[in-house]
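Some notes on the structure that comes next.
It should be emphasised that the depicted structure is a prediction, and the values quoted were computed from it without experimental measurement. Within every chain, numbering begins at 1; the chains are lettered A, B, ... in the order of the sequence lines, protein sequences first and strands thereafter.
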Protein chains: 2
Amino acid sequence: MNDTSPRRSKCDQIVEAACKLFLESGYETTSMDAIATEANVSKRTVYSYFENKEVLFGAIMKSMCDNTGCTHPDTLDPNLSLKEALKEFARNMVGLTQTPEQRDVFRVVLAEGIKFPELGKTFWDSGPELAKQILAAYLTEQISRGVLAIEDPEVAAMQFIGMVKWPHSMPELFGIKGNTTPADRQRALDQAISIFTEGTRAKS
Amino acid sequence: MNDTSPRRSKCDQIVEAACKLFLESGYETTSMDAIATEANVSKRTVYSYFENKEVLFGAIMKSMCDNTGCTHPDTLDPNLSLKEALKEFARNMVGLTQTPEQRDVFRVVLAEGIKFPELGKTFWDSGPELAKQILAAYLTEQISRGVLAIEDPEVAAMQFIGMVKWPHSMPELFGIKGNTTPADRQRALDQAISIFTEGTRAKS
DNA sequence: TATCATATACTACACCGTGTAGTATAGTAT
DNA sequence: ATACTATACTACACGGTGTAGTATATGATA
């Protein structure tokens, strides 16, 4: 009767509440009572859908990890110029990982990595590793065409990703509120791409 | 009587034990009883040195953050070549942040960042920010000498750091045990420096 | 079609065992 | 006298369970 949103299944309500609270406060600090309350559901109902707290947490986090990767286009556009293709890729990557939700997933996965080791692998494979594979494939292609000259394209892919992500994802992760404008980020991105392409271009 | 090491002050014993346990298990999971036991000290003694758990945790983490930065040389060696100076800097940086202890500090600061927001700032300022400042100063110098051409040296410093650190610090953070050898890391570092210097060198 | 029976999903709430922050106290060593 | 230990204790929160009772849907029966 008191459903805030109409016709949402109990399970969905629980998942949604658990997502919110776990991402906000992590595993230990979030209580099952709090989840039940937040979900407008009795505690018993929570336990009728999820065996225990660990199972609930694992299910929630795994699904969030899976949702991260799937929006990645699985190749770089071969019709664009090198710089444009990289820029598009970087923009996409930053866009995905820039959201507060993704930042929280990152943080929680890292934080609970000792208690839930398989979670780290799940996140890694569906996030950074996936992005690396996609970019490395593109770089390898460009190498074989003689456009680029790179010794180890897989490592180079990681280096590119680090270069693009580190400067603004790290401060955000630590709660440093930089006063960077979108224009700043745009220029930082252009600079990264400039350095990377100039630094890897095959010498003619 | 049962002191493992001779003549260690009680306070030191407590600090050492708390360091170990907090880094291993984070804030919530570590109990004050466990700290007292690990320190070979009674619980009351812990409370005679530290007002409560939060204070103890804050003090421990702050001192660990401070200890991170201070081992950084505060300039890049101007007598070395560009590549050698950068390589030295990178090696030093990787060496500092590669230790298991530093990885754990990183992880815990991130994990407890919501409950202890000022901790993030402390860590940032004494770690990444400091490294950035040092590198940016060097880059600026090289720009003014006409060796390098970079639009924004501060951003470039962060990009260089991200490039060097991301490929091996991220997997490690997520518990991905790559089978990288020291030789692999050496080659990755060389490649990063090659890309960065080629990508930022002033066109003659 | 109206009424009743049954099954199922859920709630509200008390309850248990356990773990933990923090305190109080009595005793011991120097 | 001081610094510390050992230990018992308080107060409370949490994970998880058991239970009595309600709401709702479905289907059979008359």
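Lys43(A) has no side-chain polar atom (N or O) that falls below the 4.0 Å cut-off from OP1 or OP2 of dC14(D). Within the 4.0 Å cut-off from OP1 or OP2 of dT11(C), at least one side-chain nitrogen or oxygen of Thr45(A) is found.
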Donor-acceptor pairs under 3.5 angstrom involving side-chain atoms of residues 103-112 of chain A: please list them, not counting sequence neighbours.
residue, atom, partner, partner atom, Å
Arg103(A), NE, Glu172(A), OE2, 3.0
Arg107(A), NH1, Leu173(A), O, 3.4
Glu112(A), OE2, Tyr27(A), N, 3.1

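Listed by residue number, Asn52(A), Lys53(A) are the residues of residues 48-59 of chain A with a heavy-atom contact under 4.0 Å to DNA chain D. Near DNA chain D, meaning a heavy atom under 4.0 Å away, there are no residues from residues 108-119 of chain B.
Under the 4.0 Å criterion applied to side-chain N and carboxylate O atoms, Asp190(B) and Lys83(B) are not assigned as salt-bridge partners. Salt bridge Lys20(B)/Glu38(B): present, at least one basic N to carboxylate O contact under 4.0 Å. Taking the charged nitrogens against the carboxylate oxygens, Glu118(B) and Lys121(B) have no contact shorter than 4.0 Å, which rules out a salt bridge.
The nearest whole Å value for the distance from the CD1 atom in Ile14(B) to the C1' atom in dC4(D) is 11 Å. The separation between Asp33(B) atom CG and dT18(C) atom P is 16 Å, rounded to whole Å. Per the geometry, CD belonging to Glu28(B) stands 12 Å off C1' belonging to dC14(D), to the nearest Å. One atom, CD1 of Ile35(B), and another, C1' of dG22(C), lie 13 Å apart when rounded to the nearest Å.
Counting atom types as modelled, Arg44(A) pairs a side-chain N or O with a base atom of dG18(D) as donor and acceptor under 3.5 Å.
Donor-acceptor pairing under 3.5 Å is recorded for the side chains of Ser42(A) and Thr45(A).
Side-chain atoms of Met32(A) lie closest to dG15(D) of the nucleotides dT5(D), dT20(C), dG15(D). In this structure, the nucleotide among dT17(D), dT5(D), dT23(C) sitting nearest to the side chain of Tyr47(B) is dT23(C).
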Report the C-alpha distance between Tyr49(A) and Lys10(A) in whole Å, list the side-chain angles of each, state the deciding distance to 0.1 Å, and finish with yes or no for side-chain contact (heavy atoms from CB on, under 4.5 Å). CA-CA 9 Å; Tyr49(A) 282 100; Lys10(A) 299 289 169 185; 4.0 Å; yes
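Of all heavy-atom pairs between Cys19(B) and Met64(B), the closest is SG-SD, 3.8 Å. Heavy-atom minimum distance, Pro167(A) versus Val164(A): CD-O, 3.7 Å.
Here Thr30(A) lies in heavy-atom contact (under 4.0 Å) with sugar-phosphate atoms only.
Inter-residue side-chain proximity for Ile143(B) and Pro153(B) is flagged as met; some heavy-atom pair is nearer than 4.5 Å.
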